[in-house]
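Residue numbers begin at 1 in each chain, while the letters A, B, ... track the order of the sequences. It should be emphasised that the depicted structure is a prediction, and the values quoted were computed from it without experimental measurement.
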Amino acid sequence: MLAVQTERLSKVFERREGKRRTSHVAVDAVDLAVDLGEAIAFIGPNGAGKSTTIKMLTGILHPSSGEARVLGLVPWQSRTRLAHEIGTVFGQRSQLWFHLPAGDTLRLLGAIYELPPALVRQRTGELVERFALGDLLAVPVRKLSLGQRMRFEIAASLLHRPKVLFLDEPTVGLDVIAKAEVREVIREANQGGATVFLTSHDAGDIESIARRAIVIDRGRIVFDDKVSNLRRQWLTEKVVELRSEEEVEPPEIPGVLVEKVSRYGLRLRFSTQELQVRQVVGLLLERYPVHDITISDPPLESVIAAIYQGEAALR
Amino acid sequence: MKELRKLAAVALAYARSVWAYPGAEVLRTIFLLVILVVFLSLWRTTYGAMHAARLGGLSLAQMLEYLVGTEAIILSAPRFAERIGDDVRTGGLAVQLTRPVSYPLFQFAVAAGESWPRLLLNLAVGSALVALVTGTLPVSAAGVAAYLLAYLPAFLLYAALFLALALTSFWLEDAWAITFVASRMVMILGGLLVPLALFPPVLSRIARILPLQLMVYGPARQLARPFAGFPSLLLDQAIWLLILGGLLWLIYRKGVQALHVQGG
């Protein structure tokens, strides 16, 4: 049995604009096959159809056509039954009760998922130990930091031992340390056997959690392969942002594109297939009295756009 | 049974959350006291001006206790429109629908958890004020028992009506205006400030046909006249519960269908 399987899954939204009726294809004949225990990143630009797909896979939305099975169940026909088998984390929507102590929200979720109180205590103990939440059980959710809350969100989603975890932007708004903690927690859940279906705009999430990436754009799957191949094929550029102690003139380094110049700052982009990071950084350090320097991957959306452009070129 | 245990756990959790903001609860109670003090003066003047020992069959102390009963219900009434509107606008509905619990029943349990402790607090504080001011405690144990027994179906009626109205958020996004009008109708025709016995005859007839008086006047009058007309009150409440429950079920079904088709 597959964790998630879809065949030509489609969703068309009908909208009324004044007297005119328009239709918008949000998901267009999507075929997916995700094995039990896999960790996949389901990514794409805003409006690509990610959330609509997840809503169909969790039974909230009915498709316009096509089929889907999650753990062998048709989600929109068996939503309540499926709810016992899946966990969801929506980064921007809490499933915790803000006014209650965090420990009480876990107990309440245990009751909602029909777990015997002894099992809730045992699972809470395990999750508290695994996610280092012991000191926070008595703290009302509203007083937790965002990072602490997200750890609780994920712990809460794991309480009933779901076989599939749907994670929608689980690290949005978190600082670097909290992101690392949340990623670690998700990796552990996956190592414990849970299938992870991750949606994120954060390249760091994708690389540290998923082994496979599925890219959706304009409702269609445009890439489905290992994350390492995604990086090899598409994440071949680096962005360097430099802050100088003196006024800067843009450099002329072959293979380096100057994206932005300000009085004391520069933003450069180059391909790691043509130049090595240490070469570029070395040249910049020689040339400028550097106050600060940041090296980062280009935004994931530009990578996805590149993938989509590549697909378009092939058509 | 499993479903009931689940809902009881939800209600209990929300009952605890009522005390998360003690300042807000104190303010609510002060508001109740202010209202009661104002009406105490108004009714004292009215009874005095009319040289009446009883109005609508109630002594001044009973009238004040009646007011405590109605205000306790209205000030503890659940507010579905804000919560459901928020769920629809923020997409929190998606979180709710992925849980193995019925959304409307969950909302009922939340409302019960929040409303019932507030009702008991309001009733206790209000009765204490009336006793302090009038020097007598006009309410009996039988009156409180009848009030609480009639309050249970009254609460379900109120919740069914206002949940049904709040669920129109599925289409309207904001059902605040419609629930605001309905809540004012409950206050006027439900007998919040004046018992139905003192209404002008035409208005009284209209009020008695509608279910709104079964939510407020019905239980509150039990405080002054324990178990008077009790079976017929319960029967009327049961009939209207079937009607409003059916309406709620229909609106929820249509709303979820719309959600399934067009998204949250």
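Residue B/R79 qualifies as open at atom CZ: its count of foreign heavy atoms under 6.0 Å is 12 or below. Surrounding CZ of B/F31 are at most 12 heavy atoms belonging to other residues, nucleotides or ligands under 6.0 Å away. Residue-environment remark: CZ (A/R81) stays at or below the threshold of 12 foreign heavy atoms within 6.0 Å. The number of heavy-atom neighbours closer than 6.0 Å to CZ of A/R142, taken from other residues, nucleotides and ligands shown, is above 12.
In terms of heavy-atom pairs under 4.5 Å with chain B, the best-connected choice from A/L82, A/T105, A/I86, A/D104 is A/D104. Interface summary for chain A: among B/P100, B/A13, B/S102, the most heavy-atom pairs under 4.5 angstrom belong to B/P100. The most heavy-atom pairs under 4.5 Å with chain B, out of A/L100, A/I54, A/T52, A/T80, come from A/L100.
Only the side chain of A/L109 comes within less than 4.5 Å of a heavy atom in chain B; its backbone stays farther off. Contact annotation for B/R5: neither backbone nor side-chain heavy atoms come within less than 4.5 Å of a heavy atom of chain A. Using a 4.5 Å cut-off between heavy atoms, A/S94 touches chain B through its backbone atoms (N, CA, C, O) alone. Both the backbone and the side chain of A/I112 come within contact range of chain B, with heavy atoms under 4.5 Å apart. Contacts between A/Y113 and chain B at a heavy-atom distance below 4.5 Å involve backbone atoms as well as side-chain atoms.
Between B/Y14 and A/W97, the ring-plane angle classifies as perpendicular under the 30° and 60° cut-offs.
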- How far apart are the C-alpha atoms of B/R99 and A/T88, what are their side-chain angles, what is the distance that settles it, and do they pass the side chain to side chain contact (heavy atoms under 4.5 Å, CB included) test? CA-CA 9 Å; B/R99 284 181 181 147; A/T88 51; over 6 Å; no
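The two atoms that bring B/L97 and A/R79 nearest to each other are O-NH1, 2.9 Å, heavy atoms only. In terms of heavy-atom proximity, A/T58 sits nearest to B/T98 at CB-CG2, 3.9 Å.
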